[in-house]
Amino acid sequence: SSVLTGKEIVLNPKKSIRIDVNVNYAGGRRFTPINKTASALVGEAVYEYDKAFSQQLPHYFRSDIKLTYKQNGKKISQELQLDLRNVFNIQNVFSQKYDVSTNSIENSYQTSFLPIMQYRILF
């Protein structure tokens, strides 16, 4: 599920500030388990296809906050944005992979906290 909300604060007829919040929560992706014993014997990941999509990764949670300052002119508008993605730096598991050198199954993670600054000119 997802919740998106925002608020615009008008400073004067030409300037405004906007705050947007986006919160996402979802069940983890389903995956096919890896057989570690068989994988160690052949030197690559061996999936248990008889148990296809029988396991599930942990739940996914991410919150984003975007702050925008906008200035309107006669012919153009300007925006300065600060987008804070995954603001709480939650380590969400994206997938699992088999590591041949250690004979272990390791998690791959989605993007951690990521600030993005943006400046736009709108005609």
Side-chain angles (χ1 to χ4, degrees):
S1 48
S2 181
V3 174
L4 176 64
T5 187
K7 173 72 175 167
E8 184 171 13
I9 303 164
V10 178
L11 303 174
N12 64 43
K14 293 187 176 195
K15 297 177 183 178
S16 64
I17 295 174
R18 190 173 63 236
I19 301 169
D20 298 307
V21 177
N22 186 4
V23 178
N24 293 297
Y25 178 79
R29 296 172 53 176
R30 296 235 168 238
F31 69 97
T32 302
I34 297 171
N35 184 323
K36 281 177 52 175
T37 306
S39 297
L41 291 173
V42 296
E44 64 182 34
V46 175
Y47 294 91
E48 298 180 25
Y49 290 111
D50 58 325
K51 298 177 185 173
F53 304 105
S54 63
Q55 295 186 7
Q56 188 174 15
L57 295 173
H59 293 287
Y60 173 88
F61 178 77
R62 184 176 123 179
S63 298
D64 303 331
I65 298 174
K66 186 188 297 184
L67 306 169
T68 306
Y69 171 75
K70 185 173 183 178
Q71 184 174 350
N72 295 316
K74 288 183 180 180
K75 294 185 179 182
I76 63 170
S77 295
Q78 301 176 68
E79 284 186 357
L80 180 62
Q81 291 183 351
L82 177 60
D83 193 355
L84 305 172
R85 297 192 180 176
N86 195 3
V87 73
F88 298 118
N89 199 26
I90 305 295
Q91 294 295 307
N92 292 302
V93 179
F94 178 69
S95 64
Q96 290 187 333
K97 62 181 179 179
Y98 176 72
D99 186 340
V100 177
S101 62
T102 62
N103 189 32
S104 62
I105 298 171
E106 297 179 356
N107 292 331
S108 296
Y109 294 92
Q110 293 190 2
T111 305
S112 57
F113 174 67
L114 180 64
I116 301 171
M117 183 70 86
Q118 177 178 325
Y119 174 73
R120 297 192 310 175
I121 298 175
L122 306 167
F123 297 93

Donor-acceptor side-chain pairing of E44 and Y98 below 3.5 angstrom:
no
What closest approach, in Å, do N72 and P13 show between heavy atoms, and which atom pair accounts for it?
ND2-O, 4.3 Å
Is the side chain of Q56 donor-acceptor paired with the backbone N or O of G28 at a distance under 3.5 Å, no angle test?
yes
Heavy-atom count around F53 CZ within 6.0 Å, excluding the residue itself: above 12?
no
Rounded distance (nearest 0.5 Å) linking atom OG of S104 with atom NZ of K97
9.5 Å
Find the distance between CZ (R62) and CD1 (I90) and round it off to the nearest 0.5 Å.
11.5 Å
Check: S112 main-chain N/O paired with N89 side-chain donor or acceptor under 3.5 Å
no
To check you understand the geometry: which heavy-atom pair defines the closest contact between S39 and V46, and what is its length?
OG-N, 2.8 Å
Pairwise distance OG1(T68) to CD1(I9) - rounded to 0.5 angstrom:
11.5 Å
Heavy-atom pair of closest approach, residues E48 and T32:
O-CG2, 3.4 Å
If hydrophobic clusters are built from ILVMFWY residues whose side chains come within less than 4.5 Å, do I19 and V87 share one?
yes
Quick one: pull up CZ in F31 and OH in Y47 and give me the separation to the nearest 0.5 Å.
10.5 Å
Taking a hydrophobic cluster as the set of Ile, Leu, Val, Met, Phe, Trp and Tyr residues connected by side-chain heavy atoms closer than 4.5 Å, whether directly or through intermediates, do I34 and V100 fall within one such cluster?
yes
Could you tell me whether the side chain of N24 and the main chain of Y60 form a donor-acceptor pair under 3.5 Å?
no
Considering only NZ, NE, NH1 and NH2 on the basic side and carboxylate oxygens on the acidic side, decide whether D64 and K66 come within less than 4.0 Å.
no
Please report the closest heavy-atom contact between S54 and R30, naming both atoms and the distance.
O-NH1, 3.7 Å
Before giving the answer on side chain to side chain contact (heavy atoms under 4.5 Å, CB included), spell out for Q118 and D83 the whole-Å C-alpha distance, their side-chain angles and the decisive distance to 0.1 Å.
CA-CA 8 Å; Q118 177 178 325; D83 193 355; over 6 Å; no
Looking at every non-hydrogen atom in both residues, tell me the closest pair between G27 and H59 and how far apart they are.
CA-ND1, 3.1 Å
Should Y49 and I105 be regarded as members of a common hydrophobic cluster, given that ILVMFWY residues are connected when their side-chain heavy atoms come within less than 4.5 Å of each other, either directly or indirectly?
yes
With clusters defined by side-chain heavy atoms of hydrophobic residues (ILVMFWY) lying less than 4.5 Å apart, directly or transitively, does L80 cluster with V10?
no
Inspect the surroundings of CZ in F88 and state if more than 12 heavy atoms from other residues, nucleotides or ligands are less than 6.0 Å away.
no
Kindly determine whether N107 and Y109 satisfy side chain to side chain contact (heavy atoms under 4.5 Å, CB included), including the steps that lead there.
CA-CA 6 Å; N107 292 331; Y109 294 92; 3.5 Å; yes
dist Q110:CD -> Q91:CD (nearest 0.5 Å) comes out at 10.0 Å
Specify the closest pair of heavy atoms between E8 and S16, including all atoms of both residues, with the distance to one decimal.
OE2-OG, 3.0 Å
Joint cluster assignment, I116 & Y69, ILVMFWY side-chain distance < 4.5 Å
no
Walk me through it: do N22 and S2 pass the test side chain to side chain contact (heavy atoms under 4.5 Å, CB included)?
CA-CA 7 Å; N22 186 4; S2 181; 3.4 Å; yes
Let's go through I17 and L67 carefully: what are the C-alpha distance in whole Å and the side-chain angles of both, what is the deciding distance for side chain to side chain contact (heavy atoms under 4.5 Å, CB included) to 0.1 Å, and is it a yes or a no?
CA-CA 7 Å; I17 295 174; L67 306 169; 6.0 Å; no
Looking at OH of Y119 and CD of E79, how far apart are the two atoms once the value is rounded to the nearest 0.5 Å?
10.0 Å
Exactly one candidate in K70, M117, R18 meets side-chain contact (heavy atoms from CB on, under 4.5 Å) with Q81; the answer is R18
